[in-house]
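Only one structure is covered here, and it is reproduced in the block below.
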Number of protein chains: 2
Amino acid sequence: MADRECPLSRTLDAVGEWWTLLLLHDCFDGFTRFDQFEANLGISSGMLTKRLKTLVDNGILERRQYSERPPRFEYVLTDTGRSLRPVIVALAAWGNAQLPRRERSMILVDARTGREVEPVVVDRRTGKPLDDPDAYVFAAGPAASEAFRTRYDALAAKRKAAR
Amino acid sequence: MADRECPLSRTLDAVGEWWTLLLLHDCFDGFTRFDQFEANLGISSGMLTKRLKTLVDNGILERRQYSERPPRFEYVLTDTGRSLRPVIVALAAWGNAQLPRRERSMILVDARTGREVEPVVVDRRTGKPLDDPDAYVFAAGPAASEAFRTRYDALAAKRKAAR
DNA sequence: CAGTATCCTGTCCGATACTG
DNA sequence: CAGTATCGGACAGGATACTG
C-alpha cells in the first residue's frame, strides 16, 4: 500500500499488522508452536495461520518440521527475525514510559543480574543517543526517487537558512 | 484489542495503524499542516482526519490554531511524540538493513557532518547493545497480572535449568 | 485551506465447525 | 496437535462531493 519506497512502509508491510509484533514477542520468549501462540495470545486460529504465513514469507520466521510421524511443525526465528528484537524492545519501552497507566507489567532485565534495563537508541559509531532531532536528520539515500531527493534537498536548504 | 496489559499492545493501539508512522515521519521532518501531509503521503483526507485525531487523543500531536481569520490549524509534536522518533528511526533502519531491495532510499545522517548514522538499541546504563537474547530477557513488571507473572517465572526457571 | 459526509470495496478478526 | 473452511460484523481506506 501507498509508496513502497520508504523503508518505513516496507517495515510496516512486513511486521506492521496488529498481531504480528505480539506474535514475535512470543517467539522472543522462546515459544515456537501453533498451540502455544494460540493460548498465549488468544488469537483465533485462522488469523494465526495467516500471520505466521506472512512472517514466513518475509523471511522472519522459518517453518520447520520437528516430527515425522505424526507430522509436527514449529516456527523459529531467522537471523532477520532475531535482529528485530531490539527494535521491538525499544517500542515496548516507549509504551512503558510514555503511555498512561505507568505501572509496568512487562520490563526488560539483565538475565544475569536481574537488573532492569533502559533501552535507548544510539549511533553505533559515536554512542550518542539519537533523541536530538536537530543533530540527526533524515536524508535521501542512494536509491531515492527524484521526489524524495527534492524533498530532502529542500529541507536541508531550509535548515541551512535557519542557521 | 486483545489484552491491554502488554506495553506492546498499548503502543500498537497508539501508533500501530498503517498510516500513523508514516505520518509521524512527516512530522519529524518538520511538516505540520493537513495539506502537506495529504500531498506528501497520498493519504485520503478522511483517513488523514481520523489518524490525526487518534494521535491528538493519545497526546502525541497537539492541534494548534496558528491563524484567527481565516481559522487555520497545525499539528505539532508533543514531548511524547518527539520521544518516539528514535524508535521509528530504529524501525526504518531495520527495514533498510533486513528487507529485500537493499538500495536505501532514505537514511539517517549527522546533520553537521552529513555522515550516515547506524542506529542501534543499547542499555543506557552500560551502553551494551541489546541484540543478545540470552543476556537480556523480558520479565514481569511490578503491575503484572498473575498470568504474566506465572509465564515469566516459568521461563526463568527453564533458563536456570538449561544452565 | 482544512476539513466533513457518504459510498464502496477489501481486509481484519473472532466464532464455529471440521480434518488427519 | 496443527491447522483449514466458512460465516458475519466491524473497520480500513480510497473516491468523490461538499463546506466555510
Side-chain angles (χ1 to χ4, degrees), chain A residues 1-4 6 8-27 30-58 61-76, chain B residues 1-4 6 8-27 30-58 61-76:
Chain A
M1 186 165 302
D3 185 1
R4 216 49 48 89
C6 173
L8 264 181
S9 311
R10 288 185 288 137
T11 300
L12 287 170
D13 280 343
V15 300
E17 283 145 321
W18 210 91
W19 282 111
T20 305
L21 294 195
L22 279 336
L23 183 49
L24 284 172
H25 171 91
D26 250 39
C27 296
F31 298 101
T32 58
R33 301 219 311 263
F34 196 93
D35 63 326
Q36 294 175 328
F37 300 138
E38 210 173 356
N40 289 338
L41 301 175
I43 188 177
S44 66
S45 62
M47 217 11 73
L48 179 54
T49 300
K50 210 173 288 184
R51 288 292 161 268
L52 285 171
K53 182 167 165 31
T54 84
L55 250 8
V56 168
D57 287 348
N58 281 302
L61 292 182
E62 189 193 344
R63 187 173 191 262
R64 229 166 37 190
Q65 183 156 12
Y66 68 94
S67 156
E68 285 276 350
R69 207 166 303 100
R72 291 286 179 266
F73 297 91
E74 62 180 352
Y75 297 85
V76 295
Chain B
M1 184 165 303
D3 185 0
R4 214 49 50 90
C6 172
L8 264 181
S9 309
R10 289 185 288 136
T11 300
L12 287 170
D13 280 342
V15 300
E17 283 144 321
W18 211 91
W19 282 111
T20 305
L21 294 196
L22 280 333
L23 183 48
L24 284 173
H25 171 92
D26 250 39
C27 295
F31 297 101
T32 59
R33 302 217 313 262
F34 196 93
D35 64 326
Q36 295 175 327
F37 300 138
E38 211 174 354
N40 289 338
L41 301 176
I43 188 178
S44 66
S45 62
M47 214 16 68
L48 179 53
T49 300
K50 210 172 287 184
R51 288 292 161 267
L52 285 170
K53 182 168 165 29
T54 85
L55 249 9
V56 168
D57 287 348
N58 281 302
L61 292 182
E62 190 193 343
R63 186 173 192 261
R64 231 167 34 192
Q65 182 155 13
Y66 68 93
S67 155
E68 285 276 351
R69 207 166 304 100
R72 291 285 179 267
F73 297 91
E74 63 180 351
Y75 297 85
V76 295

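Chain A is the first sequence line, chain B the second, and so forth, proteins listed ahead of strands; every chain is numbered from 1. All values below were derived from every heavy atom in this structure, side-chain atoms included, with hydrogens, water molecules and symmetry-related copies excluded. Computed from a prediction, not measured in an experiment: that's the story for all the values here.
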Verdict with supporting geometry, B:Asp13 and A:Trp18, side chain to side chain contact (heavy atoms under 4.5 Å, CB included): CA-CA 9 Å; B:Asp13 280 342; A:Trp18 210 91; 3.4 Å; yes
To the nearest Å, give me how far apart [atom1] ([X]) and [atom2] ([N]) are.
X: B:Arg64; N: C:dC1; atom1: CZ; atom2: C1'; result: 18 Å
X: A:Glu17; N: D:dG13; atom1: CD; atom2: C1'; result: 14 Å
X: B:Lys53; N: C:dA5; atom1: NZ; atom2: P; result: 13 Å
X: A:Trp19; N: C:dT11; atom1: CH2; atom2: C1'; result: 16 Å
X: B:Leu48; N: D:dA12; atom1: CG; atom2: C1'; result: 14 Å
X: A:Arg51; N: C:dG14; atom1: CZ; atom2: P; result: 10 Å
X: B:Gln65; N: D:dG20; atom1: CD; atom2: C1'; result: 14 Å
X: A:Lys50; N: C:dT11; atom1: NZ; atom2: C1'; result: 8 Å

So if I define the base as every atom that isn't primed, P, OP1 or OP2, how would nucleotides 2-9 of chain D read as a B/S/- string at a heavy-atom cutoff under 4.0 Å? SBB-----
Pick base, sugar-phosphate or nothing for A:Arg69, based on heavy-atom distances below 4.0 Å to the nucleic acid.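 Counting heavy atoms under 4.0 Å across all strands, no contact is made by A:Arg69.
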For A:Gln65, does the CD atom have more than 12 heavy-atom neighbours from other residues, nucleotides or ligands under 6.0 Å away?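 Yes, enclosed.
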When you measure from the side chain of B:Met47, which nucleotide among D:dA15, D:dA12, C:dC12 comes out closest?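 Per side-chain heavy atoms of B:Met47, the pick is D:dA12.
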With side chain to side chain contact (heavy atoms under 4.5 Å, CB included) as the test, would you mind laying out the steps for B:Ile43 and B:Leu22 before giving the verdict? CA-CA 10 Å; B:Ile43 188 178; B:Leu22 280 333; over 6 Å; no
Sequence neighbours excluded, which residues qualify as side-chain contact (heavy atoms from CB on, under 4.5 Å) partners of A:Arg72?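 Testing A:Arg72 for side-chain contact (heavy atoms from CB on, under 4.5 Å), a comparison that skips the adjacent residues, returns A:Tyr66, A:Ser67, A:Pro70.
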Pairing residues for A:Ser45 by the side-chain contact (heavy atoms from CB on, under 4.5 Å) criterion, not counting sequence neighbours: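 Expected list: A:Phe34, A:Glu38.
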Please list, chain by chain and in numerical order, all residues satisfying side-chain hydrogen bond (donor to acceptor under 3.5 Å, both in side chains) with A:Asp26, sequence neighbours excluded.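 Applying side-chain hydrogen bond (donor to acceptor under 3.5 Å, both in side chains) to A:Asp26 gives A:Asn40, B:Arg151.
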DNA chain D: stems of at least 3 consecutive Watson-Crick or G-U pairs whose donor-acceptor distances fall under 3.5 Å: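 Stem list for DNA chain D: C:1-20 with D:1-20.
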Looking at residues at least two apart in the chain, or sitting in another chain, which of them share a salt bridge (Lys or Arg N to Asp or Glu O under 4.0 Å) with B:Lys53?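 For B:Lys53, the residues satisfying salt bridge (Lys or Arg N to Asp or Glu O under 4.0 Å) (neighbours in sequence not counted) are B:Asp57.
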Close side-chain approach of A:Leu23 and A:Leu48, heavy atoms under 4.5 Å: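 Touching, per the 4.5 Å side-chain cut-off.
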What is the minimum heavy-atom distance between B:Asn58 and B:Ala14, and which atoms define it?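 It is ND2-CA, 3.8 Å.
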